[in-house]
Amino acid sequence: MAESFQERLKALRERISAACARSGRGGRPVRIVAVTKTHPAETVQAVIDAGLPDIGENRVQEIMDKAPGLTGTRCLHMVGHLQTNKVAKVVPLVDWIQSVDSARLADKIETQAAKAGRSISALVQVNTSGEESKSGCAPEQAIELCERVAACTHVSFHGLMTVGPLDASERETKQCFERLRNIGESCRHLCDTVELSMGMSDDFEWAIEEGATIIRVGSLLLGARPYP
Ligand SMILES: *Cc1c(COP(=O)(O)O)cnc(C)c1O
């Protein structure tokens, strides 16, 4: 895997740079979260060893299976829908939860983080496409939820996350990302830098052009997922 992974990472970084240049944004680099869901722990470790410390996973069971054995500097991001009854299991294992989509979930993370003596970085997930299959709070509820997260003691509010629409045009996809950016503008009083986690393998360039500060990339870096 090593060589092809390095080549893919290099190609990804070049495309990120080009998208940044196109959108005329300087300075702040785009943070890459490598989404390793369905890949074995050895692959996750190889990604970390290759110099990508930000790892994204979307299922609690997989995090429980893989996280305890990892070594080296790393930062684990829960990017999938999180049920309140599983919060206690993930809080000790992850650093970021990008999928906070209800007040109930935020409160639960706060309680469990306090219990575990941890601080969790959080993003509020917004359903910007309105697709029923998507998790995330409604755009109209986002700011209130962001305020609630920002008021927590053991959860620190860092911004917003969204998943772009499936198989949509550039215009429709960018409208969703623009929607997230606009909500982010209204949250600027809540944290130093409002992160915008948007863009995956198929739409990260559009996301960067719309202001993404974090992209979540799986298949483009690791190839097609080996569904068990
Ligand atoms: C799987 C997943 C990704 C990565 O998807 P790719 O298309 O493989 O890049 C990003 N974000 C979330 C929330 C995911 O579930």
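Computed over heavy atoms, backbone and side chain alike; hydrogens, waters and symmetry mates excluded. In this chain, residues are counted from 1 in sequence order. Ligands are counted one by one from 1 in listed order, and the atoms in each one are counted from 1 as well.
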Short N or O separations between ligand 1 and the protein, below 3.5 Å:
{"residue": "ligand 1", "atom": "8 (O)", "partner": "S219", "partner atom": "N", "Å": "2.8"}
{"residue": "ligand 1", "atom": "8 (O)", "partner": "S219", "partner atom": "OG", "Å": "3.0"}
{"residue": "ligand 1", "atom": "8 (O)", "partner": "R225", "partner atom": "NH1", "Å": "2.7"}
{"residue": "ligand 1", "atom": "8 (O)", "partner": "R225", "partner atom": "NH2", "Å": "3.3"}
{"residue": "ligand 1", "atom": "9 (O)", "partner": "S201", "partner atom": "N", "Å": "3.0"}
{"residue": "ligand 1", "atom": "9 (O)", "partner": "S201", "partner atom": "OG", "Å": "2.5"}
{"residue": "ligand 1", "atom": "9 (O)", "partner": "G218", "partner atom": "N", "Å": "2.8"}
{"residue": "ligand 1", "atom": "11 (N)", "partner": "R216", "partner atom": "NE", "Å": "2.9"}
{"residue": "ligand 1", "atom": "15 (O)", "partner": "K37", "partner atom": "NZ", "Å": "2.7"}

Are the side chain of D203 and the backbone of A207 linked by a donor-acceptor contact shorter than 3.5 Å?
no
Taking side chain to side chain donor-acceptor pair (under 3.5 Å) as the definition, give me every residue that meets it alongside E172, ordered by chain and number, with sequence neighbours left out.
S169
Going by distance alone, is a donor N or O of one side chain under 3.5 Å from an acceptor N or O of the other, for T162 and Q125?
no
Between Q61 and D65, is any side-chain donor less than 3.5 angstrom from a side-chain acceptor?
yes
Solution key, residues 175-182 side-chain donor-acceptor pairs under 3.5 Å, sequence neighbours excluded:
{"residue": "R179", "atom": "NH1", "partner": "T128", "partner atom": "O", "Å": "2.5"}
{"residue": "R181", "atom": "NH1", "partner": "E210", "partner atom": "O", "Å": "3.0"}
{"residue": "R181", "atom": "NH1", "partner": "E210", "partner atom": "OE1", "Å": "2.7"}
{"residue": "N182", "atom": "ND2", "partner": "E178", "partner atom": "O", "Å": "3.4"}

Which pairs count as ring pair (Phe, Tyr, Trp, His ring centres under 6.0 Å) when at least one residue sits in residues 143-170, sequence neighbours excluded?
W96-H158
